[in-house]
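Below is one structure, written out as structure tokens, with a few remarks after it.
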Amino acid sequence: MSKEAQQRMEKIVSLCKRRGFIFQSSEIYGGLNGFWDYGPMGAELKRNLRDTWWQTMTRDRDDVVGLDASIIMHPTVWTASGHVDTFSDPMSTCKHCKKLVRSDQWWAMMAEQNWTQSIAELIEPGTNRFQPAVLLKWGKGKGKQLAPNLALVRNPDVTISWVAEEIEKGRGPADATELYKFLATEQMAITGLVTPCPHCGGELTAPRPFNLMFRSHYGPVESEDNICYLRPETAQAIFVQFKNVLDSSRVKVPFGIAQIGKAFRNEITPRNYTFRSREFEQMELEFFIRPDDAVCLIHGHVEKWREGADLSAPNPAWGWEMWHRYWVDQRTKYYDSVGLGTDVLDYHWQKPEELAHYARATVDILFKFPFGTEELEGIAARGDFDLSQHQKFSGKQLEVFDEELKAAAEKLSNEQKKEFIDELFEDRKCADTTREEIAAYADKLFKGFYLPHVIEPSAGLDRMALAVLAAAFDEETVTDEKGKAETRTVLRLHPRIAPVKCAIFPLLKNRPELVAKAREVEASLRRHMNIFYDEAGAIGRRYRRQDEIGTPFCVTVDFDTIGENGPEKVDTVTLRHRDSMQQERIPIAELRARLEAAIF
RNA sequence: GCGGGCAUAGUUUAGUGGUAAAACUCCAGCCUUCCAAGCUGGCUAUGAGGGUUCGAUUCCCUCUGCCCGCUCCA
């Protein structure tokens, strides 16, 4: 992070605390790493963001419904989803270079290292046999650069002699993996062979479990039988309740289920302010679509993505690629509507090797934070992975019945059906699937049944709140009439999401007529939007205070309002705009409509 | 979890082995006819715990938190 970026970040953090956006959790007790609280302004901001997401994703559409599931679910949910396995990776630390190594990736990392490849060249191909003198020479020469902390390098003679001794006694390395462990061990100790650090050859500690899920127990007695987890993502509840929603909501594929809620992860390193927290809020949509094979049966073809394709409205013939692109487009429009335009966003199309095991394609929408360009939302095409896992683990049928599909299939001759199966088999040849499996799957399709595939736009609410704050933060130099320059700090938040929509001031507080009129204006607006009344200090100071919390409008009641300067201006007020600091005079009667037009 | 740096008021910064200083902010009052004006008064700090000492904010240890790097990020 550059120095300027760091200073900018510090100013944002400071403003957030000073003005009541974000506080450290449990601050008076010294704080708690990875947890944050939202103050009065932050609570409003977050609520506004949450509301705009919900409005856009569910209420504005007729094909998405909502869900609000419990945070703690049946523990098997997390076995089915794969979280129990992937969230508890054992890790080792190198005693010499202090780097962390995931145990399950150790061998893969080893294979990529220069020093292991260099040793491999000295071994008789296909065996573990080697000339001790050759390795000795390597340890005293080349190895010094490549693996400085390997036993073979630090103490070549001793290491080689005991390894040779072991081999003589028939207790030598059984395979390549073990060979490297032998070469990393100076003397056989009670603890056994040393596992070398892939980076430097040094000694790795024994693997220690890393539990990335928060664990608890349901019921008052703690035992192995009632372990449960705080959900690490909200998505799984949607899959788990998929059938109930389908049966109770009269929705038909394609349709989506949206959910906003807290999720918990024991992050190894919570960093960058609220960006990576251990407790955070997600806004997720699971949008269920027909598998491409079903689309093909119904429409005779599948519309695939091509550059410049029309994404404005869903088309029944769309395949998953089109739906994926469609949601990327929808989400981009949403971000723009809350003030995050493509100038501050970035996109990362994950490469095949980066994809999670369940994903066919993933796009990350990133925001240019001061501390780096980081992920706000991931939009994954997940296939039917989750539903099929839950179907398998729960033993419950989660397939949907599609009337249109059945009708389309009924029109096919047996010959056409066989052709369809042949084509499927041809397509999946590399996918390790037997012809019987393909035929069974096709048979279900012909009867109108399938597991829907899913497109998952998954956004982080806290990250988004931080992003809009970072994007809105601005300092500008303003010069007063006397020529004195000073810095104006202003949050240029989109009016839709600003915590306070409008502040109401009497020009002076020691004139009861002004105060009374301002209170009247306040009362007329309070029911319709979040407003703030202030009469303390000079008017300019009050404006600047509102600038700092991003209030888009200020209304001032002055002597014109109460008729002191003639009848034509009675009941008009000044409306002051945050970004331009321009003022205009408008009748109180028009105030509400003017504000609402800008805010909603 | 590892390594390095840091910790004094809301913020930014002084300072000391012997009563902790200032500016801005904030609050109250006065004043004030539109952009952080002025005057008066006020609140608020040595991150927590232990040790050395007659006495520790200062020296030592432990913990916590923050920043940077490693690592992780479905």
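Below, read A as the first sequence line, B as the second, and so on, with proteins coming before strands; counting in each chain starts at 1. Being a predicted model, the structure only gives us computed values, none of them experimental.
- Rounded to whole angstrom, the span from the CZ atom of A:Phe371 across to the P atom of B:C73 amounts to 18 Å.
- Across all strands shown, B:U62 forms a Watson-Crick or G-U wobble pair, both distances under 3.5 Å, with B:A48.
- Checked against a 6.0 Å centroid threshold, the rings of A:Phe280 and A:Phe264 do not count as neighbours.
- Base pairing analysis places B:A37 opposite nothing; no Watson-Crick or G-U wobble pair with both distances below 3.5 Å involves it.
- Of the side-chain N and O atoms in A:Arg541, one or more sit less than 4.0 angstrom from OP1 or OP2 of B:C26.
- One can place CD of A:Gln583 at 8 Å from P of B:C35, the figure rounded to the nearest angstrom.
- Under the Watson-Crick and G-U wobble criteria, each requiring two contacts below 3.5 Å, nucleotide B:U16 is left unpaired.
- Across the interface with RNA chain B, nearest-nucleotide mapping of A:Glu548 and A:Asn510 shows A:Asn510 to be the residue nearer the 5′ end.
- Residue A:Arg488 is out of contact with every strand shown, counting any heavy-atom pair closer than 4.0 Å.
- Atom-to-atom, CD of A:Glu27 to C1' of B:G65 comes out at 10 Å; the value is rounded to the nearest Å.
- The A:Glu564 side chain lies nearest to B:U33 when the options are B:C26, B:C34, B:U33.
- Minimum atom distance to the side chain of A:Tyr543 is reached by B:C35, of the listed B:C35, B:U11, B:U33.
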When you look at A:Gln24 and A:Asp37, which way does the side-chain hydrogen bond (donor to acceptor under 3.5 Å, both in side chains) test go after all the steps?
CA-CA 6 Å; A:Gln24 193 177 18; A:Asp37 295 344; over 6 Å; no

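- The six-membered or imidazole ring of A:Trp36 lies away from that of A:Phe23, with a centre-to-centre distance of 6.0 Å or more.
- Base engagement by A:Asp558 is indicated by at least one non-hydrogen atom pair under 4.0 Å involving a base atom.
- Atoms CD (A:Gln7) and P (B:U12) sit 12 Å apart, rounded to a whole Å.
- Rounded to the nearest Å, the gap between the C1' atom of B:C43 and that of B:G50 is 32 Å.
- Here A:Phe35 lies out of heavy-atom contact (under 4.0 Å) with every strand.
- Of the candidates A:Glu281, A:Glu279, A:Glu284, A:Glu233, A:Lys262 forms a salt bridge (Lys or Arg N to Asp or Glu O under 4.0 Å) with just one, namely A:Glu279.
- Nucleotides B:U40 and B:C59, compared at atom C1', are 43 Å apart to the nearest Å.
- Following rounding to the nearest Å, A:Arg276 (CZ) and B:C70 (P) show an atom-to-atom distance of 12 Å.
- When the P atom is used for both B:C60 and B:G17, the distance is 13 Å, rounded to whole Å.
- The P atoms of B:U44 and B:G5 are separated by 35 Å, rounded to the nearest whole Å.
- A distance of about 34 Å separates the C1' atoms of B:G18 and B:C27, rounded to the whole Å.
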side-chain hydrogen bond (donor to acceptor under 3.5 Å, both in side chains) between A:Arg585 and A:Thr572: does it pass, once the steps are laid out?
CA-CA 6 Å; A:Arg585 186 124 213 129; A:Thr572 63; 2.7 Å; yes

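- Counting only heavy atoms from C-beta on, A:Met581 has its side chain closest to B:C35 among B:C26, B:C35, B:C34.
- Atom name P, nucleotides B:U33 and B:U8: the rounded distance is 42 Å, in whole Å.
- Across all strands, A:Gln24 comes closer than 4.0 Å only to sugar-phosphate atoms, never to a base (heavy-atom distances).
- Judged by distance alone with a 3.5 Å cut-off, no donor-acceptor contact links the side chain of A:Arg19 to the base of B:G10.
- With the nearest nucleotide of RNA chain B identified for both A:Arg576 and A:Glu535, A:Glu535 has the one nearer the 5' end.
- Across all strands shown, B:G3 forms a Watson-Crick or G-U wobble pair, both distances under 3.5 Å, with B:C68.
- Applying the 4.0 Å criterion to OP1 and OP2 of B:C66, one finds that A:Asn33 has a side-chain N or O inside that range.
- Using a 4.0 Å heavy-atom cutoff across all strands shown, A:Glu10 reaches no nucleic acid atom at all.
- Spacing between atom CD of A:Glu584 and atom P of B:C34 amounts to 19 Å, rounded to whole angstrom units.
- Between the OH atom of A:Tyr273 and the P atom of B:C68 there is a distance of 13 Å, rounded to whole Å.
- Atom name P, nucleotides B:G3 and B:G55: the rounded distance is 34 Å, in whole Å.
- Using a 4.5 Å cut-off on side-chain heavy atoms (C-beta onward), A:Gln546 and A:Ile549 make contact.
- Distance noted for atom P between B:C54 and B:G69: 46 Å (whole Å).
- Between the CZ atom of A:Arg271 and the C1' atom of B:C2 there is a distance of 11 Å, given to the nearest Å.
- Annotation: A:Phe275 is in aromatic contact with A:Phe369 [ring centroid separation under 6.0 Å].
- Out of B:C35, B:C70, B:C34, the shortest distance to the side chain of A:Arg544 is found at B:C35.
- For B:U53, there is no paired base (Watson-Crick or G-U wobble, both distances below 3.5 Å).
- The only option from A:Arg578, A:Arg492, A:Arg576 that meets the salt bridge (Lys or Arg N to Asp or Glu O under 4.0 Å) definition with A:Asp547 turns out to be A:Arg576.
- For B:G29, the OP1/OP2 oxygens have a side-chain nitrogen or oxygen of A:Lys509 closer than 4.0 Å.
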